[in-house]
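Because the structure is predicted, anything quoted here is derived from the model rather than measured. Order of the sequence lines fixes the chain letters, A, B, ..., with proteins taken first and strands second; residue numbering starts at 1 for each chain.
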Amino acid sequence: MEKSYDPKSFEDEIYKQWESEGCFRAERDDNKVPFTIMMPPPNITGQLHMGHALDETYQDTLIRFKRMQGYCALWLPGTDHASIATEVKIVEQLKKQGIEKESLTREQFLKLAWDWKEKYGGRIVTQLKKLGSSCDWSRLAFTMDEKCSRAVREVFVNLYNKGLIYHGNRIINWCPQCRTALSDAEVEYVDENSHFWHLKYFIEGSDTEGLIVATTRPETMFGDTAVAVNPADERYKKYIGKNVILPIVNKPIPVVADEHADMEYGTGVVKITPAHDPNDFEVGLRHNLPVVKVMNEDGTMNELAGKYCGMDRYECRKAVVEELKALGNLVKTEPHTHSVGHCYRCHTAIEPMVSKQWFVKMKPLARPAINAVLDKKTSFIPERFAKIYFNWMENVKDWCISRQLWWGHRIPIWYCDDCGEVICAKEDPTVCPKCGSSHIHQDEDVLDTWFSSALWPFSTLGFPDDTSDLEYFYPTDVLVTGYDIIFFWVARMIFSGIEHMRKVPFRYVLMHGIVRDEQGRKMSKSLGNGIDPLVIIDKYGADALRFSLLQGVATGNDIRYSDAKVQSAAAFINKVWNASRYVLSNCEGRQIKDIKEVKLNHADKWIISKLQSAIRDVTLALNKFELGIALETAHDFMWDDFCDWYIELTKSALWGDDENKKDGAIAVLVYVLDSALKLLHPFIPFVTEKIYSEMPTAKGRIMLAAYPRYNSRLTYRKEAAAFEGVMDIIKAVRALKTETGCAPSKKVTLYIVTESKRLISANENCILRLAGASAIKFVSSPEAAGENAAAKVVSCATVLVPMGDLVDADKERARLEGELDKVLAEIRRADGKLHNSGFMAKAPKKLVDEERAKLDKYLEMKERIEKQLSALG
RNA sequence: GGGAGCUUAGCUCAGUUGGGAGAGCAACUGCCCUACAAGCAGUGGGUCACAGGUUCGAGCCCUGUAGCUCCCACCA
């Protein structure tokens, strides 16, 4: 093995080997239980960012774990065409070349989009590989490939035929920049400082009397078709049924009574603009008001705004306010903060607008989707996210699915130009089925990107055909994603799966948080605080990045990226590397024995037992999707138990002459390292694979090896516990040296008062080496160590070290008294519990026994310390 | 208006069936000893936001309060 850990020198190579050997492939195997994860498809516009890195790390860790456990583990990757995001990008690119989208034909534009897909769609895939993602690339899907497109058609037609998709003139969110409708989920609300303009609308026939409306959007007044007051509002009752004159246009509009008008808010009088406000739209429906649209698709005013025709909506706002002021209609202007919806892709303020669009009727789909989660057919982890899901599902409005874009799945609707028939078909029709005319044309719009991603768990497995893959891999096991796309994606997959597959798409939804910067801010382009995972991988390796993203995470919580975390992760991996070098260099030229063939000493049994609990705990945590806890357990075992203790413990044997002892130590080192590497593999796949390839025990690839299983026969409870007493002695001597200022390298003679002489003798070499001692002398009382001895009391012994001048009797007494205090506190605690009748009556027996044992131990230690103190005089 | 999360060592965070407060980083002391100075050994450091309650026992469960963050709805 190379002397230093250098991830760059092997990560790419190992990935290529895995790939060429087909390690990632998952084919139906009826002798195995399937375990399936569908990768949330990254956008083809995307570049790998920390959010992906976290998401992929979670998934890869889980899928590797399950694969090693013997499941038929399928992790299916893919990319999303990202209709609106991609179109925005391409339009931007065109603009740079001075080309307007409108100057291109649809076909020309789509050609550019496909070119984009070819050019950049694969970029993210290459980047995912750098992380070590073990997905089945042979199944790489794309939301607009043939498979997925067929599924989209099928689903659209089914929903249409069931009456769950309809075409309607309703108020939608319009993005004047992208010039398309958006769903409610695609609108982000931001608080903005604006004004509340109080405008006086005169009563018809009066020059003085009028109603004062309060509005934040004076430019929409051209579309006002009424003013509303609350029916219970005494101030305005007398005006109900009368007309007011709409300023500037001088048109009479009625005063209507409607609950929508809040007596407490504003002036209590609301101008009603049905075409440009969702609430007003509803009022309009109740009162049969005309719907007057006064804006164009690009956010400019139309001809109904008279002289303001063609003016931008915000320019118009200013101009209208000026004119109203001049006309004497502006009564008051007050500052006002309100939230304004923005397009989630281009961040332009959206315009609520009446428009004819395609909608999915949500109520019938939402109910079963709610029940599925209530019935735990799908469970959210952590559970609290189910509440967010329920809240959204219970209040969901119909889903606007048509987009006035070109890049996406075209809506499978045709219109007959001759008879007006509307045709919804899975296959492109050539003639009208009703009148036979060939003059038909397809709906111009495309579908919301999320319409196709909603089908992802089954469209990628061959739906609508009854494929063997669908039967075997569906429903999938766990969906791993961030809590920020519950509405966009998770919820829609759930109702789609239930509706079209009759089964929920996944059993668990594992939610993780978002990766923030070192100051806790969201990483974003505009802040420029994003960290490029590829740069980090280049610097520290993919394993270190993966490790750092999982270390210390609690499921569902946000995490903060920091370079220091990656550095400490790299330090750990370096530790693994070097420990492996130690083991492997000692293996050279030797026949490696099995641990069953060698005589195991206390230390061997201790580390083997420790390994068993680590295996048990890591597996338990991973099964509960607690990746942070699993990683911590594996990390602590590797570093604290194996490296810091066991490896050091083997040195006397390995550097000695007894070949049997060497064989024993090496057998255990190899066995434990082999297991530990496997335990760690799902988290840090590259380095474990690299080291494994050098192991004398290696059989094929570690990624395909069996995950270690807890073996109770390898748990030597008694010997392991006894050995911890030996470790206590070693720790005591080390501490004594530091506390008395004795150089650690100085070899000292240990005087030990103990009842466990046999145990200590058997481990004498370990104690001498690790404690830095030259000899052990068993004595019957502390005085035998002489006057200048410093002492420590541990559970199985009193350890004394003669320190000559280094020991100051007063200091030594103070130190011992300090230790006595600690022991006394423990005695009080345990004794208190044991004298608490409630505790004795109600606590489990096991706990009571443990407390009793502790009390005995501490009482004994107390005695020893007191003896030592009295020896000091 | 509704809901969620967070508040634990100087910093970043774990602590998932209630049973002796933990890690990493930082700090301090001492060590280049043939796996590793990306290291080793040791030390110090906490009223677990606050106030109540349940319990033999609460960082953990319940109620309330405060601060911070987020989501949803409303916003004429």
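- Computed from coordinates, the A:Ile647 CD1 to B:C33 P distance equals 19 Å when rounded to whole Å.
- Heavy atoms of A:Gly266 sit nowhere under 4.0 angstrom from any nucleic acid atom.
- Remark: A:Arg317 is not positioned above the aromatic ring of A:Trp197, lacking an NZ or CZ atom under 6.0 angstrom from the ring centre and at most 45 degrees off the axis.
- At a threshold of 4.0 angstrom between heavy atoms, the contacts of A:Phe625 with the nucleic acid are absent.
- B:G64 sits 11 Å from B:A4 when the P atoms are compared, rounded to a whole Å.
- A:Leu847 comes within contact range of at least one nucleobase, with a heavy-atom separation under 4.0 Å.
- In the interface, the side chain of A:Glu648 is paired with the base of B:A35 through a donor and an acceptor atom under 3.5 Å apart.
- Using a 4.0 Å heavy-atom cutoff across all strands shown, A:Pro844 reaches at least one base atom of the nucleic acid.
- A:Leu736 has its CG atom 18 Å from the P atom of B:G30, to the nearest Å.
- Rounded to a whole Å, the CZ atom of A:Phe488 is 13 Å from the C1' atom of B:C72.
- Residue contacts for A:His635: at a heavy-atom cut-off of 4.0 Å it reaches no nucleic acid atom on any strand shown.
- Ring-base stacking between A:Trp577 and B:C36 is not satisfied when judged by a centre separation under 5.5 Å and a plane angle under 30°.
- Nearer to the 5' terminus of RNA chain B, by closest-nucleotide assignment, is the contact made by A:Pro7 (compared with the other of A:Lys522 and A:Pro7).
- The aromatic rings of A:Phe637 and A:Phe642 sit parallel, their planes meeting at an angle under 30°, below the 60° perpendicular limit.
- The pair A:Glu351-A:Arg217 counts as a salt bridge, with a side-chain nitrogen and a carboxylate oxygen less than 4.0 angstrom apart.
- The listed nucleotides are B:G24, B:A76, B:A73; the one nearest the side chain of A:Ser568 is B:G24.
- Per the geometry, CG belonging to A:Asp636 stands 8 Å off P belonging to B:G24, to the nearest Å.
- Between the CG atom of A:Asn836 and the C1' atom of B:U55 there is a distance of 11 Å, rounded to whole Å.
- Residue-level contact check: A:Arg581 touches the backbone only, with heavy atoms under 4.0 Å from sugar-phosphate atoms and none from bases.
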